[in-house]
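Quick caveat: nothing in here was measured; it's all calculated off a predicted structure.
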Amino acid sequence: MSRRDRSSGRSVIGDFSDPALISTLTTWLGASGASELEISTKDGHALKIVLAPDASPVERRQEAQDVTSLVPEGRAVKAPLAGVFRDRHPAGSDASPLAGEGRALEAGDIAGFVEVGPILVPVVAPATAIVAGVHARAGELIGYGDPVLTMEHTQ
């Protein structure tokens, strides 16, 4: 669907007329709860997808539902939209994940990213706490609201 331009570290969306790309983006859009998506590139290509107001929500993948049932007690940090989970910034030089089990995160720290084409949306820690578990794997497709990690407050 997309390829990464290694020279700039940015994602490059493929052919906007590709039905597989359009289908994937439409599925992600429906799963995110949003109704409209517009992507334009520097070279003048554009794609706009608008879901009808009465469109039925996209069924969440069975794997995502299974992950939800495995979340331990604690505060789940959820995906802000559907896309591909990245545990570090693609252009970053640090090879370690932003949030690992046992790591302390401050409120507002970035714990990972959700990638949709060339767009990276940060997954932000809502409070200062310790990461009790990471539920999303790097490169895994996740849905809107899927738990990415669980945080436990320190006493």
Separation between CD of E140 and CG of D146, rounded to the nearest 0.5 Å: 8.0 Å

Spacing of CZ belonging to F113 relative to CG belonging to L98, to within rounding of 0.5 Å: 6.0 Å

R88 vs D94 side-chain heavy atoms within contact, under 4.5 Å: no

Exercise: identify the closest heavy-atom pair between T128 and A107: OG1-N, 3.2 Å

Ion pair check, K48 and E36, cut-off under 4.0 Å: yes

Stepwise side-chain contact (heavy atoms from CB on, under 4.5 Å) test for R103 and I130: CA-CA 6 Å; R103 181 169 176 190; I130 303 293; over 6 Å; no

Closest heavy-atom pair and its distance - V114, A79: CG2-CB, 4.4 Å

Nearest heavy atoms of M151 and A127, plus distance in Å: CE-O, 3.6 Å

Least distance between heavy atoms, V131 atom then G100 atom: CB-O, 3.3 Å

Euclidean distance, L105 CG relative to L149 CG, rounded to 0.5 Å: 7.0 Å

Shortest non-hydrogen separation from H89 to L120 and the atoms involved: NE2-CD1, 3.6 Å

Minimal non-hydrogen separation, A82 against V116, with atom names: O-CG2, 3.1 Å

Worked verdict on F85 versus V148 for side-chain contact (heavy atoms from CB on, under 4.5 Å): CA-CA 8 Å; F85 179 70; V148 173; 3.3 Å; yes

Min side-chain heavy-atom separation P147-V77 under 4.5 Å: no

Spatial distance of atom CD1 (I119) from atom CD1 (I39) [nearest 0.5 Å]: 5.5 Å

4.5 Å side-chain heavy-atom contact, T150 and R75: no

side-chain contact (heavy atoms from CB on, under 4.5 Å) evaluation trace for V123 with I110: CA-CA 6 Å; V123 176; I110 296 175; 6.0 Å; no

